[in-house]
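Worksheet for the structure shown next.
Values below: every heavy atom of this structure, side chains too, minus hydrogens, waters and symmetry copies. Proteins get letters first, then strands, A, B, ... in listed order; numbering begins at 1 in each.
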Amino acid sequence: MSWANHLIILPILFPMATAAAMIPIDERNRTLKGVLSFVSTLVLFAATIILLGIAASEATTGGTYVYQLGNWPAPFGIVLVLDRLSALMLVLSTVLGLAAQVYAMARWHTAGYHFHSLFQLLLAGLNGAFLTGDLFNLFVFFEMMLAASYGLLLHGSGPLRVKAGLHYIAVNLAASSLFLIGVSLIYGAAGTLNIADLSVRITTLGPESRMLMESGAALLGIAFLVKAGMWPLGFWLPTAYSAATPPVAAIFAILTKVGFYVILRLSMLLFGHEAGTSTGFGQTLLLCGGLLTIAFGAIGVLASQAMGRLAGYSVLVSSGTLLAAIGLGNSAVIGGALFYLVSSTLTICAFFLLIELVERGRDAGADVLAVTMEAYGDMDEDEEEKEVGVAVPGTLAVLGLCFCICAILMSGLPPLSGFLAKFAMLHELFNENGFGGNLPIRAAQWAFVALLILSGLSAMIAMNRIGIRTFWTSLEGTIPRVFLIEITPVLLLLLTTIFLSLQAGSAMRYMDATANALANPKNYTDRVLSAPRVRPAGGD
Amino acid sequence: MELVLSIGIGVLTASGVWLLFRPRTYQVIIGLSLLSYAVNLFIFGMGRLRVNAPPVLEPGGTGGLLTHTDPIPQALVLTAIVIGFAMTSLFLVVLLASRGFTGTDHVDGRE
């Protein structure tokens with residue numbers, strides 16, 4: 001089983017190696033770079049699926065696997081930890097990466113330099129952030145992901161992107177400072193940065209150290225809430241996401257989920273049932289902030305004129321829902337929320353890719369493209385078209401169908417996974433102790449229910465309005481030219497959500513097991529802290 | 001020494017935050033740099049302040065926080081300095097690009 005042990009580090013090393021290998025290749029061989037990058041992500045996809053299988057198999061470990069870097073045991077050395085939650089996030093980020101990459105190969109990777117290297121580095125940073133078991137490495141991988149995302153956001157250049165990029169970088173640099181202050185406060189209070197060790201030590205902290213620890217965790221939380229786009233920290237998000245090129249915006253759909261992932265992980269491990277007076281620290285703030293974010297996002301969705309901004313505000317609705325679900329402090333709701341996370345991330349990714357295809361026939365889209373072409377010289381249309389091959393027949397029908405599926409998923413209508421996810425959350429919310437329990441339903445729960453349903457309604461209204469304007473009363477009458485390589489990723493993403501709806505039973509079982517494992521962190525900490533060192537082969 | 005360090009961190013943070021909220025890109029980048037200096041000093045301080053205590057063990061000697069200074073914050077500061085430096089230089093490039101596109105150094109690209 002030693003190869004499977006080393007498989008855990010593959011999602012970090014492999015994209016880094018690919019990125020490095022692609023840098024010396026001349027920019028004129030973009031197709032070669034694209035194929036290399038695609039093959040690498042495909043290998044990564046296979047690896048993450050195997051990891052998901054390993055994490056899902058219960059056998060003796062409860063789904064938690066520890067990889068000791070340099071063979072140093074946990075509180076001293078650096079560890080990577082694979083469990084159900086991180087395996088799920090790994091698969092999700094790789095799926096998004098695959099889709100965005102194929103899409104970019106049609107034309108967008110020609111809009112600037114080193115697109116594929118930056119993309120692979122972004123994947124490496126994402127995977128590292130999901131796998132790491134200590135806070136400082138989280139900072140390193142987080143910065144790696146951010147550095148790549150700065151480059152990708154600026155990809156294609158132009159005044160709009162540079163302006164959005166300037167704001168994005170400034171906001172994230174300030175958030176990184178808060179991150180570092182939080183990490184060092186936690187180290188000063190508890191004397192360790194390993195998350196599992198922290199969750200053990202927090203039970204025995206004295207009152208002064210506990211106060212320092214909590215303020216450190218709060219600062220750390222703010223850094224991640226900025227990333228997750230919680231109101232009032234998320235004003236930068238819709239502008240930045242709608243200014244990015246479509247494949248970049250599509251992969252950015254998972255960056256907000258990194259913020260959610262870390263907050264979920266830390267609040268479950270550090271402030272669970274055994275944390276003494278710190279139990280449930282920050283939950284009220286997460287709940288209120290999450291609810292306000294849903295409201296702000298839903299209003300933004302209604303007010304958006306352009307599809308890009310609509311998608312940006314949908315990102316806010318999605319992360320608001322997830323944050324509020326953590327804030328409810330009910331582990332059964334977390335199971336539904338994880339299902340919602342997968343469904344909404346796939347939907348928003350597909351929608352970002354679809355927007356540019358739909359708007360291609362219209363003036364607004366053409367403007368953006370013209371700016372790109374001005375900035376980067378002769379992008380010969382004809383040559384481009386020969387290169388990517390077949391145009392899709394019945395373009396408008398296919399685009400319209402994809403748009404409809406996106407609308408159904410975003411507004412949470414049956415029968416697709418958006419509905420199932422919301423239903424799962426509401427079901428657990430009303431039956432906290434199973435059917436027949438007579439617990440009163442709190443005001444916060446009613447607010448969550450109302451906002452969840454109203455945000456779906458606002459998404460439906462906005463999508464209807466934009467759909468009618470685009471597909472039925474389109475004045476220009478030009479049918480956009482769409483290539484097979486561009487529509488395939490969108491179709492595959494949407495098919496994945498349909499597959500998720502069909503396999504909802506087994507998917508929900510996995511999510512519920514994940515939520516259970518998160519609610520009982522003892523297994524995680526035991527596995528990390530007592531993981532045996534590997535004996536060198538043929539050694540003493 | 002504690003007083004000097006804490007006043008230093010306070011002054012750096014206050015000026016950094018004030019500059020960060022100014023409308024010119026140059027002020028923003030100086031603000032971010034000051035903020036990152038303050039953060040580095042703060043991380044350093046979180047390992048407790050010690051004078052004349054080595055962070056590295058002598059060969060054959062036994063270590064302990066009574067005779068040695070905590071090496072971990074120093075390692076963290078090193079990483080934070082490198083990352084902060086790289087990010088500042090990246091921000092500088094974007095700042096110049098924005099100046100080139102809009103002809104102004106206002107953060108919103110217009111006066």
Query raised in the report: If we only count heavy atoms from C-beta on, is the A:Leu126 to A:Leu255 side-chain gap below 4.5 Å?
Result: yes
Report task. Return yes when atom CZ of B:Phe44 has more than 12 non-hydrogen atoms of other residues, nucleotides or ligands closer than 6.0 Å, and no otherwise. Result -> no
Query raised in the report: In terms of the angle between their ring planes, are A:Trp231 and A:Phe235 parallel, tilted or perpendicular, with boundaries placed at 30° and 60°?
Result: perpendicular
What part of [X] lies closer than 4.5 angstrom to a heavy atom of chain A: side chain, backbone, both or neither?
X: B:Leu76; result: both
X: B:Asp70; result: side chain
X: B:Thr102; result: neither

Query raised in the report: Looking at B:Arg99 and B:Asp105, does any basic side-chain N land under 4.0 Å from a carboxylate oxygen?
Result: no
**Report entry** Max heavy-atom pair count under 4.5 Å with chain B, selected residue of A:Leu146, A:Leu185, A:Val140
**Finding:** A:Leu185
Query raised in the report: Among B:Ile43, B:Thr13, B:Val39, whose side-chain contact (heavy atoms from CB on, under 4.5 Å) with A:Ile181 holds?
Result: B:Val39
Report task. Below 4.5 Å from any heavy atom of chain B, which atoms of A:Leu193 appear? Answer side chain, backbone, both or neither. Result -> side chain
